[in-house]
There are 2 protein chains.
Amino acid sequence: MTRPFANALELLRAARLRPTRQRLALARLLFEKGDRHVAAEELHGEALAAQMPVSLATVYNTLHQFVGAGLLREIVINPGRSYFDTNVSDHHHFFYEDDSQLRDIPGDSIAVSNVPSPPEGGSIRRVDVVVRVEKAAHKGR
Amino acid sequence: MTRPFANALELLRAARLRPTRQRLALARLLFEKGDRHVAAEELHGEALAAQMPVSLATVYNTLHQFVGAGLLREIVINPGRSYFDTNVSDHHHFFYEDDSQLRDIPGDSIAVSNVPSPPEGGSIRRVDVVVRVEKAAHKGR
DNA sequence: TCAATAGTTTAGAATGGTTTTAAATTCTGA
DNA sequence: TCAGAATTTAAAACCATTCTAAACTATTGA
Ligand SMILES: [Mn+2]
Ligand SMILES: [Mn+2]
Ligand SMILES: [Zn+2]
Ligand SMILES: [Zn+2]
């Protein structure tokens, strides 16, 4: 009934990553405030602001290690910047083009049907749906 | 009954772009061999190979102009590289992770249902479905 | 036909998120 | 406590893409 990884230390143990000061700090920032879609430089900024100095290289290393461990999911929508999603359950996204924000679409509200099976010898690893949203229909001219 | 833009010149006229040597060459490479998903540097390579020298800057300019004119669609799947799709009809994609190739999924075979309407004042511009395919299920251990 | 003008192309430099490097530091188990 | 392995880091490298500004070209109306 409790959240899967109540504390950062337990989470790192499960991922078989040494609980260093830096990884603990990043894990807390990532997982202690609900679902997030965060870019590397954004997280780096948060760490510095929280008086937890971490190099940008370590932020990238850690994010990729977390993805490898299944703790994060990497999402690419625009060229030149990746988002890291703390929600690794099956779900899809709204993408707000005006401010480049991602928002979850609950997994059970949306459904993709009749996906053809991929040609010969391929297997489906994942289906990603991105609903691109623009701020508002333009009124008048 | 003929294809929408039988020749490159007509296509550029419809897009209100001057029919320069470079744009004609790129339009031919893009549209005279069926549906394609091509990256900028790839197209640049093809132009050089076909003895139609064009600078890389012009390739980028032209691709973006074609997107603006609705002749191409830009697709972002992996960080660091955009694909340009000559199929601008409503359709979705297989993405083969092993060789980073895109393949069309015919538009009517797949369906996305129950897309919630976006919160307050947003309108849906497009829904993109990407089915990520890995080469094969691993046999044995 | 021929400027004048607006649009286009280009080489090269700049950009910027990400990755790499290699040296210093820290963690772990014995 | 110590050696070996893993980690962190500043700085440089990477690389697709964008920008710059100067040269070139297409268009048009005299
Ligand atoms: Mn990555
Ligand atoms: Mn673009
Ligand atoms: Zn999400
Ligand atoms: Zn396509």
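A quick note: this is a predicted structure, and the numbers were derived from the prediction, not measured. Naming convention: chains lettered A, B, ... in sequence-line order (proteins, then strands); numbering from 1 in each chain.
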So, using salt bridge (Lys or Arg N to Asp or Glu O under 4.0 Å) as the criterion, who are the partners of A:Glu42 when residues are at least two apart?
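In terms of salt bridge (Lys or Arg N to Asp or Glu O under 4.0 Å), with neighbours along the sequence ignored, A:Glu42 is linked to no residue.
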Salt bridge (Lys or Arg N to Asp or Glu O under 4.0 Å) partners of A:Arg28, counting only residues at least two apart
none
By a strict heavy-atom criterion of less than 4.0 Å, which residues belonging to residues 37-56 of chain B are in contact with DNA chain C?
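By residue number: B:Pro53, B:Val54, B:Ser55.
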Nearest whole angstrom, please: distance from the [atom2] of [N] to the [atom1] of [X].
| X | N | atom1 | atom2 | answer |
| --- | --- | --- | --- | --- |
| B:Gln65 | C:dG7 | CD | P | 12 Å |
| A:Leu12 | D:dT7 | CG | C1' | 13 Å |
| A:Glu74 | C:dG17 | CD | P | 15 Å |
| B:Arg81 | D:dC14 | CZ | P | 16 Å |

Can you run down the side-chain hydrogen bond (donor to acceptor under 3.5 Å, both in side chains) pairs that involve residues 48-61 of chain A, sequence neighbours left out, and say none if there aren't any?
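Matches after skipping sequence neighbours: A:Ser55-A:Thr58.
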Provide the full list of side-chain hydrogen bond (donor to acceptor under 3.5 Å, both in side chains) pairs with a residue in residues 18-27 of chain B, sequence neighbours left out, each pair given once.
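Every pair satisfying side-chain hydrogen bond (donor to acceptor under 3.5 Å, both in side chains) with a residue in residues 18-27 of chain B: B:Arg23-B:Gln65.
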Within-4.5 Å side-chain heavy-atom neighbours: A:Leu72 and A:Thr86
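Counting from C-beta outward, A:Leu72 and A:Thr86 do come under 4.5 Å.
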Between B:Arg103 and B:Val133, is any pair of side-chain heavy atoms under 4.5 Å apart?
no
Sequence neighbours left out, what passes ring-ring contact (aromatic ring centres under 6.0 Å, His included) with A:His37? Give chain and number order.
A:His93
By the salt bridge (charged side-chain N to carboxylate O under 4.0 Å, His left out) test, which pairs, at least two apart or in different chains, include something from residues 86-96 of chain B?
none
Tell me which pairs pass salt bridge (charged side-chain N to carboxylate O under 4.0 Å, His left out) where either residue lies in residues 49-73 of chain B, with sequence neighbours left out.
B:Arg73-B:Asp128
Show every donor-acceptor pair shorter than 3.5 Å between a side-chain atom in residues 105-116 of chain B and any protein atom, with sequence neighbours excluded, or say none if there are none.
{"from": "B:Ser109", "atom 1": "OG", "to": "B:Pro106", "atom 2": "O", "distance (Å)": "3.0"}
{"from": "B:Ser113", "atom 1": "OG", "to": "A:Ala111", "atom 2": "O", "distance (Å)": "3.4"}

For C:dT18, take OP1 and OP2 only and decide whether either is under 4.0 Å from a side-chain N or O of A:His64.
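Negative; the distance criterion is not met.
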Mark up nucleotides 21-30 of chain D, 5' to 3', with B wherever a protein heavy atom is under 4.0 angstrom from a base atom, S wherever such an atom reaches only the sugar-phosphate, and - elsewhere.
-----BS---
What is the bend of the helix from C:dT1-D:dA30 to C:dA30-D:dT1 when you compare the axis at one end with the axis at the other, using five pairs each and rounding to 10°?
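It comes to 30° between the two terminal axes.
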Suppose we screen for side chain to side chain contact (heavy atoms under 4.5 Å, CB included). Which residues come up paired with B:Asn78, at least two apart in sequence or across chains?
B:Phe95, B:Ser100, B:Arg132
Nearest to the side chain of B:Tyr60 - C:dT18, C:dT9, D:dA16?
D:dA16
